[in-house]
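Quick notes on the structure that follows.
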Amino acid sequence: MKIGIITDSACDLTPEMERGFSRQSIPFKITLGEKTFVDDGSIEQGELIREMKAYQGVPKTAAPSPGDFLASYEKADQSFVVTISSALSATYSNAILAKQMLEEKTDKLVHVFDSKSAGSGETLVYLKIKELLEQNMGFEEIVTKVEEMIRGMRTIFVLESVENLRKNGRLSKVAGFLASVLSIKPVLYADEKGEIKLKEKARGLKKAHELLIQYIGEDKELLKERIMVICHCNRLATAQKIRDEIEKRFAPKEIHLVDTGGLTTIYADDGGIIISY
């Protein structure tokens, strides 16, 4: 029996994370004016950042189609699918539509997980599915345990620029205005619906990162048994410093650092730090 893990390209992984189990990544398309990029792992982060900074318009992203998902579902007998938050994209609904199309003609099993997150949150969901498969758990048990994990997952982040989020309607105009005009750096989080909410407003990036760590510390006991993923967009040294501080203060079970891929780079923008646990 062939089992597949399928994610959209907002799931950022290291090569080490992909070892031992083959993942299919369904790409978003990214458009900056006349230029279109397929987020299939071939986009170089630095080039995309340069293109974003040179382009004055609104970056556009297109979700994978139901047909894209359906083609992947047909390759396995059982498929576990991880998508970006349904509150941020049509990807989840397209993946569900593909599941319904598949069920009309086959008895293959598919479950689509709405990560209620993106980037680091999707990474955590992928890692959980992989872990449970390695333990030889059955399909329904994996679905139950992963859905439970998603309900308890936290995602919190600080972006040096929220312009791309604001321009695309993913952030309230008020929060975007404060960040761009008054040099306020918002600490943001994903709520239980997967929507982006404002946690705190900090004056300056250093203070925002301090608050980020402080809020994570509110889950100190929880962290001892949780894996944490820190996604960063072109800020390895900053991510390492935050990781070291979190390890020193709260001693989580495990911490992974991951570079942002194409889609996450668009919305995290240069300097973004996203943490899920």
Side-chain angles (χ1 to χ4, degrees), residues 7-18 25 27-33 35-61 84 88 117-124 155-168 170-171 176 179-180 183-190 196 202 204-213 216 228-247 255-277:
T7 74
D8 59 41
S9 61
C11 179
D12 299 324
L13 303 177
T14 65
E16 291 76 20
M17 289 173 176
E18 299 217 57
S25 178
F28 283 82
K29 288 187 175 66
I30 298 166
T31 302
L32 301 173
K35 295 184 179 180
T36 297
F37 302 84
V38 178
D39 190 18
D40 57 3
S42 64
I43 303 174
E44 198 275 314
Q45 186 191 71
E47 176 191 358
L48 185 58
I49 290 170
R50 289 190 293 273
E51 292 284 356
M52 281 196 301
K53 290 182 176 179
Y55 179 58
Q56 299 302 308
V58 180
K60 298 293 184 182
T61 59
I84 190 171
L88 302 177
S117 185
S120 54
E122 284 192 61
T123 305
L124 276 181
T155 297
I156 187 167
F157 53 106
V158 169
L159 310 182
E160 291 190 21
S161 170
V162 298
E163 277 302 285
N164 286 346
L165 275 182
R166 184 185 62 80
K167 287 176 182 177
N168 280 278
R170 267 64 172 197
L171 187 68
S180 60
S183 298
I184 296 296
K185 300 300 180 186
V187 180
L188 304 163
Y189 70 100
I196 296 173
L205 195 59
K206 182 179 178 182
K207 181 62 175 175
H209 288 156
E210 288 173 356
L211 285 172
L212 180 72
I213 295 169
I216 288 170
M228 175 178 287
V229 175
I230 302 175
C231 278
H232 68 92
C233 183
N234 195 34
R235 289 296 184 276
L236 178 58
T238 301
Q240 289 172 330
K241 185 176 179 181
I242 290 171
R243 175 201 60 193
D244 293 347
E245 194 63 29
I246 290 171
E247 283 183 333
I255 303 182
H256 298 279
L257 296 186
V258 183
D259 272 322
T260 56
L263 193 282
T264 314
T265 295
I266 288 291
Y267 291 113
D269 213 330
D270 193 15
I273 300 286
I274 309 168
I275 301 178
S276 297
Y277 55 92

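Keep in mind it's a predicted model, so treat the numbers as computed, not measured.
In this structure, Phe37 CZ and Ser42 OG are separated by 9.5 Å, a value rounded to the nearest 0.5 Å. Taking OG of Ser120 as the start and CD1 of Ile273 as the end, the distance is 10.0 Å to the nearest 0.5 Å. One finds the OG1 atom of Thr155 at 7.5 Å from the CG atom of Leu124 (value rounded to the nearest 0.5 Å). The OG atom of Ser117 sits 8.0 Å away from atom CZ of Phe157, with the distance rounded to the nearest 0.5 Å. Distance CD/Gln56 to CG/Leu32: 11.5 Å, rounded to 0.5 Å. With rounding to the nearest 0.5 angstrom, the CD atom of Glu51 is 3.5 Å from the NZ atom of Lys35.
Heavy-atom minimum distance, Arg243 versus Ile255: CG-CG2, 3.7 Å. The two residues Leu257 and Ala239 make their nearest non-hydrogen contact at CD2-O, 4.0 Å. Nearest heavy-atom pair, Asp12 versus Asp259, reported as atom, atom and distance to 0.1 Å: CB-O, 3.6 Å.
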| When you look at Glu160 and Lys185, which way does the salt bridge (Lys or Arg N to Asp or Glu O under 4.0 Å) test go after all the steps? | CA-CA 7 Å; Glu160 291 190 21; Lys185 300 300 180 186; over 6 Å; no
| said: For a side chain to side chain contact (heavy atoms under 4.5 Å, CB included) check, start with the C-alpha distance between Thr61 and Ile266, then their side-chain angles and the critical distance, and finish with the verdict. | reply: CA-CA 9 Å; Thr61 59; Ile266 288 291; 4.2 Å; yes
| task | List the steps and the verdict of side chain to side chain donor-acceptor pair (under 3.5 Å) for Thr260 and Gln45. | result | CA-CA 8 Å; Thr260 56; Gln45 186 191 71; 3.0 Å; yes
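Side-chain contact between Arg235 and Asp270: present, with at least one pair of heavy atoms (C-beta onward) separated by less than 4.5 Å. Between Leu211 and Val158 there is no side-chain heavy-atom pair separated by less than 4.5 Å. Taking 4.5 Å as the limit, every side-chain heavy atom of Leu88 sits out of range of all side-chain heavy atoms of Tyr267. Using a 4.5 Å heavy-atom cutoff, the side chains of Ile49 and Cys233 are in contact. With contacts defined as side-chain heavy-atom distances shorter than 4.5 Å, the pair Ile275/Ile246 qualifies. For the pair Val58 and Lys60, the minimum side-chain heavy-atom distance is below 4.5 Å. Using a 4.5 Å heavy-atom threshold, the side chains of Leu13 and Val258 count as separate. The shortest side-chain heavy-atom distance between Asp269 and Asn164 falls under the 4.5 Å cut-off.
In terms of modelled atom types and a separation under 3.5 Å, the side chain of Ser161 and the main chain of Glu163 share a donor-acceptor contact. Side-chain atoms of Ser276 come within 3.5 Å of backbone N or O of Gly121 as a donor-acceptor pair. With hydrogens and angles disregarded, a donor-acceptor distance shorter than 3.5 Å links the side chain of Ser9 to the backbone of Phe28.
A salt bridge is absent between Lys29 and Asp39: the closest approach of a Lys/Arg side-chain nitrogen to an acidic carboxylate oxygen does not fall below 4.0 angstrom.
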